[in-house]
Amino acid sequence: MSKTAIEVITSVQRRRRWSMAEKERLVAASLEPGSGVSAVAREAGIHPSQLYGWRRQLCPRPEAAAKFAAVRIAAEPSPAGVPGAGAIEVEFVNGSRLRITGAVDPTMLAATVVALASGGRRR
């Protein structure tokens with residue numbers, strides 16, 4: 001039989017209830033330049049994941065609104081010189097055009113469609 005240390009837990013520690021002011025103070029301390037979440041959490045006697053949870057709760061990030069760009073499917077055939085098979089052509093209301101051939105990254109395509117639909121305006 002090997003000699004190993006055994007920890008015996010005789011009672012359950014009571015969970016501390018943190019007030020909103022204490023949470024805000026710790027979150028503010030973790031957001032200061034040069035400070036780290038781990039150091040602030042260690043100093044307060046909590047796990048860093050708890051502090052990250054409070055940061056998510058108290059500093060919500062604005063969700064990006066879903067963007068929609070209306071397009072019209074053209075009935076007329078493609079003009080001469082434009083490949084027909086495997087090509088996507090989009091003409092926007094503002095006159096901008098987009099032609100896609102071959103494999104395309106969906107994220108890049110969505111960003112391009114939004115940029116063209118906005119007419120070059122920054123949002």
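All residue numbers in this chain count up from 1 along the given sequence.
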Report task. Start with the C-alpha distance between Leu58 and Met20, add both sets of side-chain angles, then the distance that settles side-chain contact (heavy atoms from CB on, under 4.5 Å), and finish with yes or no. Result -> CA-CA 10 Å; Leu58 297 173; Met20 189 57 72; 3.6 Å; yes
Any idea which heavy atoms bring [X] and [Y] closest together, and the distance?
| X | Y | value |
| --- | --- | --- |
| Val27 | Cys59 | CG1-SG, 4.0 Å |
| Glu22 | Arg17 | OE1-O, 4.2 Å |
| Arg55 | Ser30 | CD-OG, 3.5 Å |
| Ala41 | Leu51 | N-CD2, 4.0 Å |

Requested in this report: Answer yes or no: are there more than 12 heavy-atom neighbours, outside Gln57 itself, under 6.0 Å from its atom CD?
Outcome: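 More than 12 within 6.0 Å, yes.
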In Å, rounded to the nearest 0.5 Å, how long is the span from [atom1] of [X] to [atom2] of [Y]?
| X | Y | atom1 | atom2 | value |
| --- | --- | --- | --- | --- |
| Arg25 | Ser19 | CZ | OG | 8.5 Å |
| Trp54 | Ile46 | CH2 | CD1 | 4.0 Å |
| Glu24 | Trp18 | CD | CH2 | 13.5 Å |

**Report entry** Ser35 side chain to Ala29 backbone, donor-acceptor under 3.5 Å
**Finding:**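 The answer is yes, because a donor-acceptor pair under 3.5 Å joins these two groups.
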